[in-house]
Amino acid sequence: MIELSTVIRDLRAELERAVAAAEGAALRFELQTIELEMSVALERSAQAGAKVRFWVVDTSAEASVASASTQRIRLALQPALTGSETTYIHGRAEDHEE
């Protein structure tokens, strides 16, 4: 299983490589809404103040985690390049986050 934040981080890196590769190309593609659909498992720690973590389930491992709380989710991400006028929400990463 892979943490949902890692999936999104890796997607961002792939898109940044694609944007860089398109520099100077005669044919370019406009970046539109990106939709992801995946199975996720929820992990909740029993400790006080603990947070829920989302893990993306590999389709080959889906049967083995069927007893866990798995859900299908769909995310729609609207990408924007640095310098756009979109307002972003951000904050400091927790120790366990990247």
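Both backbone and side-chain heavy atoms feed into the values below; hydrogens, waters and symmetry mates do not.
- Closest heavy-atom contact between Q32 and Q78: C-NE2, 4.2 Å.
- Distance check, rounded to the nearest 0.5 Å: OG of S5 to CH2 of W55 gives 8.0 Å.
- Residues L42 and F54 are in side-chain contact: their nearest non-hydrogen atoms beyond the backbone lie under 4.5 Å apart.
- The shortest heavy-atom contact between V57 and A41 is CG2-N, 3.8 Å.
- Remark: E35 pairs with no residue by the side chain to side chain donor-acceptor pair (under 3.5 Å) rule, at least two apart or across chains.
- What you find for I34 and L11 is that their closest heavy atoms are CG2-CD2, 4.1 Å.
- Within a 6.0 Å sphere centred on CG of L31, other residues, nucleotides and ligands contribute more than 12 heavy atoms.
- Side-chain atoms of R12 and I8, non-hydrogen and from C-beta on, do get closer than 4.5 Å to each other.
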